[in-house]
Undergrad: 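Structure in structure tokens, see below.
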Amino acid sequence: MKTIRAVEFIDDHLRILDQTKLPFAEEYIITDDVDRIALAIERLEIRGAPAIGVTAAYALALSLKNIPEEKHSEIFENSFSRLSATRPTAVNLFYALNYIRKTFVESAGKENLYNLLIEKAVAFHKNDVRLCELIATHGMEIFSKKSRVLTHCNAGALATGGDGTALNVIHNAFINGMVEHVYADETRPLLQGSRLTAWELSEYGIPFSIQTDSTAAVLMKLGKIDLVVVGADRIAVNGDSANKIGTYNLAVLCSYHKIPFYIAAPDTTIDYECATGDRITIEFRDNKELTRIGSVEITNSDFPAYCPAFDVTPGRLITAIITDKKIYKPPFSFSND
Ligand code: MRU
């Protein structure tokens, strides 16, 4: 089976699979430059909450490569600010940056600080791989029969340091004979579903079809969907979960059609400082992402547009949240004790 890795650390550089080129070409961005990595995150060349976190951890560590000690603090803090400003919703970004900063503060003045930070980033990445495995294992519990599953956006290997969250649950269930068919929402406007999830599913040999986001309702009405499982970018203490725009629509539809709706995410996506979903910062994207597909204008680019990248699904609409620790059922009340 093909192993997909969105990001890898090779020879003191990051190798990022450029997701804006998929599914037509597998091209890599190879760089050790923090600004280039920050740009890759902003452009969604690398995307998905856990993958953003892993990439940012490496980037912050790389910021000290070949930097004399007297400049460490200035360069490190500038890089921290630059990376923090890339995408506001995925809490994994801030978790990863603070994780590297902790070592920076504790190890200030030590020889080979760069190597120490890189070791931490590698450990962070390895841990993400492990979290993906655990989520997939715990996710088996949601399959009571061979199922037809709908997913939104891309929460696969492309979105993490390892093999994915929601899509890894589906993949593992498929390997264990519990998935009949996957319906992948195309996920307007950037088409993470029809480009990225579809590409992963075809690489894994899982039967699937893509459909416009607005087709989900009729698929449910026709009895073609047994369950929905998606990822998350930030989960509040009460279970409210931010994920790709359109996720909330699916949760409402599932509630109406009495179809189980699951979130799959690592513990690193839970924001213990955030009591409820209305405190989650939602990223707004450039209007052009709506008025163009790729470089083709599909409407007047001057038309006003409303472009949130994410929405928040209330915890009460979520059947369960699958994490690396366990499956949480409502009412949700997360604590990091
Ligand atoms: O804008 P994106 O493509 O970064 O949005 C990604 C999502 O919404 C994913 O579902 C989420 O990050 C979970 S990825 C395991």
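Just so you know, ligand 1 is whichever comes first in the structure, and atom 1 is the first atom listed for that ligand.
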Undergrad: Strictly under 6.0 Å, is that where the ring centroids of Y99 and F124 end up?
TA: yes
Undergrad: Is Y95 atom OH crowded by more than 12 heavy atoms from other residues, nucleotides or ligands, each under 6.0 Å away?
TA: no
Undergrad: Aromatic rings F332 and F334: how do their planes relate, parallel, tilted or perpendicular, breaks at 30° and 60°?
TA: parallel
Undergrad: Just which atoms of ligand 1 are under 4.0 Å from any heavy atom in A159?
TA: 14 (S), 15 (C)
Undergrad: Does any non-hydrogen side-chain atom of E119 lie less than 4.5 Å from one of Y114?
TA: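 In short, these two side chains do not touch, never coming nearer than 4.5 Å.
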Undergrad: Would you indicate whether the side-chain heavy atoms of V237 and I270 approach each other to under 4.5 Å?
TA: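 I270 does not reach V237 side chain to side chain.
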Undergrad: Applying a heavy-atom cut-off of 4.0 Å, say which part of C153 lies close to ligand 1: side chain, backbone, both or neither.
TA: side chain
Undergrad: Starting from atom 5 (O) of ligand 1, locate the nearest protein heavy atom and write down its residue, its atom name and how far away it is, to 0.1 Å.
TA: K244 CE, 3.3 Å
Undergrad: For atom 15 (C) of ligand 1, tell me which residue out of L196, D233, T165 has the closest non-hydrogen atom.
TA: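 Answer by nearest heavy atom: T165.
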Undergrad: Regarding atom 6 (C) of ligand 1: of the candidates Q192, Q19, R47, which has the closest heavy atom?
TA: R47
Undergrad: Quick check: H125 with F9 (ring centres under 6.0 Å apart)?
TA: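 Not close enough - the centres of the two rings lie 6.0 Å or further apart.
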Undergrad: If we ignore angles and hydrogens, is there a donor and acceptor under 3.5 Å between the side chains of R195 and N154?
TA: no
Undergrad: Between the candidates G48, A157, A265, A232, which shows the shortest non-hydrogen contact distance to atom 13 (C) of ligand 1?
TA: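 That would be A232.
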Undergrad: Check each heavy atom of H152 against ligand 1 and say whether those closer than 4.0 Å belong to the side chain, the backbone, both or neither.
TA: neither
Undergrad: Quick check on the 6.0 Å ring-centre criterion: do F80 and F104 meet it?
TA: no
Undergrad: For ligand 1, which atoms have a heavy atom of F310 less than 4.0 angstrom away?
TA: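 Going through ligand 1 atom by atom, the ones under 4.0 Å from F310 are 1 (O), 5 (O), 8 (O).
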Undergrad: Would you mind finding which of R87, E283, R285 brings a heavy atom closest to atom 2 (P) of ligand 1?
TA: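 Selected option, by shortest heavy-atom distance: R87.
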Undergrad: Taking only heavy atoms of A49 into account, list the atoms of ligand 1 that are under 4.0 Å away from them.
TA: 12 (O), 14 (S)
Undergrad: Closest non-hydrogen protein atom to atom 10 (O) of ligand 1, residue and atom name please, with distance?
TA: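 Scanning the protein heavy atoms, the shortest distance from atom 10 (O) of ligand 1 goes to N243 OD1, 2.6 Å.
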